[in-house]
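Report on one structure; see the data block that follows.
Sequence positions, counted from 1, serve as the residue numbers for this chain. Note that ligands are numbered from 1 as they come in the structure, with each ligand's atoms numbered from 1 the same way. Computed from a predicted structure; not experimentally measured.
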Amino acid sequence: MSSLPTLDGLDVAEARVLVRADLNVPIDGGVVGDDFRIRASLPTIHELQERGATVAVCSHLGRPKSPDPAFRMDPVAARLAELGGFPVVKVDSVAGEDAREAVESATGRTVVVLENTRFEVGETTNDPGLSDALAALADFFVLDAFGSAHRAHASTVGVAERLPSAAGRLLEAEVVALSRLLADPDRPYVVVLGGAKISDKLAVMAHLLPKVDRMAVGGGMCFTLLAARGYEVGDSLVEESMIDEVGRLLDSEGGSKVLLPTDVVVADGFSADAAHRVVPADAIPAGWMGLDIGPDTVAAFSVAVADAGSVFWNGPMGVFEWEAFRAGTQGVATALAACDGFTVVGGGDSVAAIRMMGAESTVSHVSSGGGAGLEMLEGRDLPGVAVLRMWAGA
Ligand code: ADP
Ligand code: MG
C-alpha cells in the first residue's frame, strides 16, 4: 500500500483543505450520543491545523433522502468544537455560497463544518455539479472516512477526482491494518463472523473462505447455517431463501474450515428478560430461539483463536445488547485479548460491543468501517481508496 498518498505528501501551509470525515454519530433528541467517531476525526484535523491549513469538514449523518432538520450537522459541529478545542463555523449548505464565504473568511484554527452531505441528492449519485461545488471550496482534499470509502459518492470519489487528494491518518491506519490481513496474513488466519443476517455476510463468507484457515460462525446468521446442515432451529432467525446457497458453500471445498456452534443459549421470546437456557445445537426445542452461542462453543472458538497468527472478527455472537445473551460475545472478546497474533475487530455493532466491554485496547486494530472493511478483506479495491492512488507522486 505504499502507493497510498497520505498527509505526508501534502504541502498544506496557507492552503484550504476539505476533509471528508466520518461524523455519522447517533443523534438523540438533537444531542450527540456516542461521540467516538468525532474523537477519531481529530488527529487529522489537528495535524492539518498545526501545519498551517484552513480546514473545512464534511460528512454524512444518517440516511435522509432530502434535507431533514433531524439530521442537521449542528449538534455534531458543536461537539467537534468542544472536543477539538477550536472555533467552529457551521454553515447551512453542503457546498453553497455561504460555505465558500465561510471558508474564505475563516482565520486561525477556525474549522468550517458543512451541512450533511446527504441533504444533496447528488451526493449518492456522485453528481458532477455537487463534486465541482465541493472541490471549489478548497485547494486539497483529504479522505478520512473509511466507513464511506466503499461508496463512490460526490464527497468521497467525486471531489477526489477534482482536487489533489490524500488519505487522512484514520483512513491510512485502516488501510495499513487491513492490508496486513489481505496480503500475507500471519497464519493460522482465523475469521470469526457473527451478526444478525446471513444475507449481509454470505458473500463475505464465500470470498474469505479460500483465504482463511478457520472460520468460526456465531450470531443470528449461524442458524441459517445450522438449518442448512439439517438441524431443527426452532424460532431462531433463519433466512429460508438463503438455505440452499449456504448449504452449497458448506459442502464446497472450504466448507470444512467452518466451525459451527455445538451449543446455544435459547430463549422463549425475543426480549431481555425472556426465560433462557443452554441446549445442544442439534436439540433446539420448538418455540425457542437461539440468541447466543453456548459455553462449549465459546471454548471451541477460543481454542481456534488462541494460537492464531491473525484474527479478524466481525459481528457479535449473540444479542449482546441484553446481558443474558452477552457471554458469547464477551467470550470471543476475551479470546482475542489473549491472542498474541494480529487481531482486528470491524463492524458497527462489533465495535460497539468491544467498547462496551472496555476491551478496545486489547486488540491490535479497531476498524471503524463495517461494509468497507469487509469489502477490502474480500480483496476488492474500494473506490475511495483507488481514486486517492491516482494522486500518488502528483
Ligand atoms: P456488525 O454491525 O458488527 O457488522 P451486524 O449489524 O451484522 O454486526 O449484527 C449485529 C446485530 O446482530 C446485533 O444487534 C445483535 O443483537 C444481532 N444478533 C446477534 N446474534 C443474534 C441472534 N442469535 N438472533 C438475533 N439477532 C442477533
Ligand atoms: Mg450493524
Side-chain angles (χ1 to χ4, degrees), residues 22 24-26 33-34 36-37 62-63 146-148 150 174 178 191-205 208 215-227 231 233-239 242 260-272 274 276-279 281 284 288-294 297-298 301 311-333 336 343-357 359-360 363 365-378:
D22 177 4
N24 183 27
V25 292
D34 187 347
F36 157 67
R37 286 179 170 162
R63 296 180 169 198
F146 179 65
S148 299
H150 60 316
E174 294 278 9
L178 293 171
V191 166
V192 183
L193 280 184
K197 292 162 74 188
I198 185 72
S199 49
D200 285 348
K201 304 208 173 149
L202 187 60
V204 179
M205 269 191 81
L208 284 183
M215 182 179 288
V217 184
M221 60 187 275
C222 77
F223 298 99
T224 303
L225 276 77
L226 291 170
Y231 292 33
V233 296
D235 286 349
S236 305
L237 190 67
V238 170
E239 290 176 78
M242 310 292 296
L260 283 174
T262 53
D263 61 345
V264 294
V265 180
V266 292
D268 66 354
F270 191 75
S271 69
H276 55 93
R277 57 193 162 98
V278 176
V279 299
I284 299 176
W288 291 64
M289 61 182 74
L291 294 185
D292 197 7
I293 57 174
T297 304
V298 170
F301 286 11
V311 185
F312 176 71
W313 175 25
N314 169 276
M317 294 293 102
V319 186
F320 73 97
E321 294 92 337
W322 297 332
E323 216 211 314
F325 312 106
R326 191 173 296 160
T329 302
Q330 181 91 59
V332 165
L336 257 76
T343 52
V344 178
V345 180
D349 293 289
S350 319
V351 171
I354 199 151
R355 293 185 58 235
M356 183 169 124
M357 293 160 188
E360 309 103 286
V363 293
H365 180 72
V366 175
S367 177
S368 57
L374 294 174
E375 282 193 22
M376 219 185 123
L377 286 186
E378 285 173 28

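- Between Gly290 and ligand 1, a contact under 3.5 Å exists for at least one N or O pair.
- Formation of a donor-acceptor pair under 3.5 Å by the Asp292 side chain with backbone atoms of Gly328 is found in this model.
- The protein non-hydrogen atom at the shortest distance from atom 16 (O) of ligand 1 is Glu321 OE1, 2.7 Å.
- Of the possible donor and acceptor atoms, none in the side chain of Asp268 sits under 3.5 Å from a partner among the backbone N and O of Ala274.
- Looking at Asn314 against ligand 1, only its side chain comes within 4.0 Å, counting heavy atoms.
- For the ligand labelled ligand 1, residue Lys201 lies inside the 4.0 Å heavy-atom shell.
- The shortest contact between atom 10 (C) of ligand 1 and any protein heavy atom is with Asp349 OD2, 3.5 Å.
- Side-chain atoms of Met221 and Leu193, non-hydrogen and from C-beta on, do get closer than 4.5 Å to each other.
- The contact set between ligand 1 and Phe223, taken as ligand atoms under 4.0 Å from a residue heavy atom, comprises 23 (N).
- Panel note: side chain Arg37, backbone Val25; no donor-acceptor pair is recorded below 3.5 Å.
- Using a distance-only test at 3.5 Å, with no hydrogens or angles considered, a donor-acceptor pair links the side chain of Trp313 to the main chain of Gly315.
- Side chain of Glu239 to main chain of Ile198: a donor-acceptor pair is present (N/O by atom type, distance under 3.5 Å, no hydrogens or angles).
- By heavy-atom distance, the residue among Pro316, Gly318, Pro261 lying nearest atom 18 (N) of ligand 1 is Gly318.
- At the shortest separation from atom 12 (O) of ligand 1 among protein heavy atoms lies Ala196 N, 3.2 Å.
- Atom CD of Glu321 has more than 12 neighbouring heavy atoms from other residues, nucleotides or ligands inside a 6.0 Å radius.
- Checking side-chain atoms of Arg277 against main-chain N and O of Val265 turns up no donor-acceptor pair under 3.5 Å.
- Ligand 1 does not have Asp200 within reach: every non-hydrogen atom of the residue lies 4.0 Å or more from it.
- Here is the list of ligand 1 atoms found below 4.0 Å of a heavy atom in Gly347: 2 (O), 3 (O), 4 (O).
- With a 4.5 Å cut-off on side-chain heavy atoms, Met357 and Thr329 count as touching.
- With a heavy-atom cut-off of 4.0 Å, Phe325 does not touch ligand 1 at all.
- Where the criterion is an N or O separation shorter than 3.5 Å, residue side chain and backbone included, Asp292 fails it with respect to ligand 1.
- The single protein non-hydrogen atom nearest to atom 27 (C) of ligand 1 is Val319 CG2, 3.6 Å, given as residue, atom name and distance.
- The contact set between ligand 1 and Gly315, taken as ligand atoms under 4.0 Å from a residue heavy atom, comprises 3 (O), 8 (O).
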- Message: Evaluate Asp34 against Arg355 for side chain to side chain contact (heavy atoms under 4.5 Å, CB included), listing each step before the verdict.
- Response: CA-CA 11 Å; Asp34 187 347; Arg355 293 185 58 235; 2.5 Å; yes
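- Counting heavy atoms only, Gly220 comes closest to atom 20 (N) of ligand 1 of the residues Ala352, Gly220, Ser350, Gly370.
- Listed for the Asn24 side chain is a donor-acceptor partner under 3.5 Å among the backbone atoms of Gly62.
- Among residues two or more places apart in sequence or in another chain, the side chain to side chain contact (heavy atoms under 4.5 Å, CB included) test is passed with Val298 by Ile293, Ser302.
- No donor-acceptor pair under 3.5 Å is formed between the side chain of Asp235 and the backbone N or O of Met289.
- Within the protein, the N, O or S atoms sitting under 2.8 Å from the Mg ion (ligand 2) are Asp349 OD2.
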